[in-house]
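In what follows, a structure is listed as C-alpha cells, so that the remarks can point back to it.
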Amino acid sequence: MMTFLTPKNHLRAMSTAPSKAVSSILGRFKHIITGVIIVSMVLGAAGCAITPVPMSAQTAAALKTQQPIRFLLTFDDGPARPRTDNSTLSILNTLALNPVQPGIKALFFVQTRSSGAGETAFGRSILEREVAEGHLLGFHTATPRHANHRFLTPEKLEASLNDGIGDIVAIQGSAPKLVRPPFWNYDKRTFGVYQEHGMHILLTDLSANDGKIYGFKASLRRRSNMLHMLTDVRERIAAGELPAVDGSIPVVVTFHDINGYTADHMAEYLQILLDCARAVALPTAPKAFYDNKEEAERAALGRSVLSGDQNTHLPGFWNFLWAWM
Ligand SMILES: [Zn+2]
C-alpha cells in the first residue's frame, strides 16, 4: 500500500527517530507550522485587510447623491438534512450571536418538501425555528428534488406552488411574497405563474458561489469574489440603477445554508462584506445588516424583478447559460 507523506505523518515519521539533529529539525518544522496556523487564524478573524478599489471621479461624484447600502442576507436550499452538526442551525446561531452585528434577520428561500430534509418533522422544526427567531421565509421548491420550475408541466408547477405556499402559511402564518427560482431560471410563463400566486422574484447582487448542488463547497477566493461583485454593484449604484428602500439601498447577498463550509465561516463572511464595502468606498447604514423582518421584506420587494422581460444580472455563469436555453 502506498503511503502519502502528509505534514502529519511526516511529523510522526520524524518523531520515531530520536536523534538530536532530527529533534532540532522537528522543532523548527513545528514552529513554522504553528506560525502559519496563527497567521491564518488572525487573517481569518480580522476578515483581512482588502486593498481599496479605485474609482473614477464621475463615480465618486455620483455616489455622493446616493443612500448608504444595507446587506440583505438570503439563504437558499434549506433546511439542511443532518440531525447533528446541522448547517442551517449553525447559521441561525451565528446570525443571532456574532461579533459583527448580533440579531441579524435573513430571508430563507426554503425547500419545504425536500427529500429527507424539509419533508421531515425535523426539517419542519428548523423552519419553525427560523420563523420563531424573526427570519422571513420565501419559496424555493416544494418538490422532493431541486426541480427547475421551467421544466415542470403547468399542472406540476401549479401543484408545487400550492403545496409550498400552504406549507409556508402553516409555519409562518402568512403566504410568502418572495420566490427565488431554482437555478435562477425563469421565463415569461413561470414569471406570470409566480405573480398569480402573489410572489415576486428576488435574484441577487452578490453570491458566495457556495451552492453544493453545482459542485462548489469551499470558496477559497471568497474575499476577491465578493470584492469583484461589490465593485460592479458600486458602478450600478453610481448609475442610479438600484433603488433605496427605507433610507438605504438593499444589496442582496446569497448563501446556501445546506453548505457546512458556509456555516463554519458565516461570521467571517459578515466581516468580509463590511471589509469589501469599505474597500469600494460604499458607506453602509448604521446597522449594515437587516435586523427586522418587515424591513427585510420591504427591501426584498423593492429589489424584486418587475417584469418577465427585464434584463437581469445573475451571478457566475448563469446569465451565459440561460441565454442559450
Ligand atoms: Zn437552490
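In listed order, ligands and their atoms are each counted from 1.
- Between the side chains of Gln111 and Thr141, at least one donor N or O sits under 3.5 Å from an acceptor N or O.
- Nearest to the Zn ion (ligand 1), among the N, O or S atoms that Asp77 has, is OD1.
- Residue-level check: among N/O/S atoms of His140, NE2 sits closest to the Zn ion (ligand 1).
- Because the distance cut-off is set at 2.8 Å, His146 qualifies as a neighbour of the Zn ion (ligand 1) through one of its N, O or S atoms.
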Using a 3.5 Å cut-off and no angle test, enumerate the donor-acceptor pairs between side-chain atoms of residues 57-65 and protein atoms at least two apart in sequence or in another chain.
unit_1: Thr59; atom_1: OG1; unit_2: Ser56; atom_2: OG; d: 3.0
unit_1: Thr59; atom_1: OG1; unit_2: Glu235; atom_2: OE1; d: 2.9
unit_1: Thr65; atom_1: OG1; unit_2: Ala62; atom_2: O; d: 2.8

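- A 4.5 Å side-chain heavy-atom check between Pro144 and Glu119 finds every atom pair outside the cut-off.
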Per-pair distances, 0.1 Å, donor-acceptor, side chain in residues 165-175, under 3.5 Å, sequence neighbours excluded:
unit_1: Asp167; atom_1: OD1; unit_2: Arg113; atom_2: NH2; d: 3.0
unit_1: Asp167; atom_1: OD2; unit_2: Thr112; atom_2: OG1; d: 2.8
unit_1: Asp167; atom_1: OD2; unit_2: Arg113; atom_2: NE; d: 2.8
unit_1: Gln172; atom_1: OE1; unit_2: Leu137; atom_2: N; d: 2.8
unit_1: Gln172; atom_1: NE2; unit_2: Ser174; atom_2: O; d: 3.4

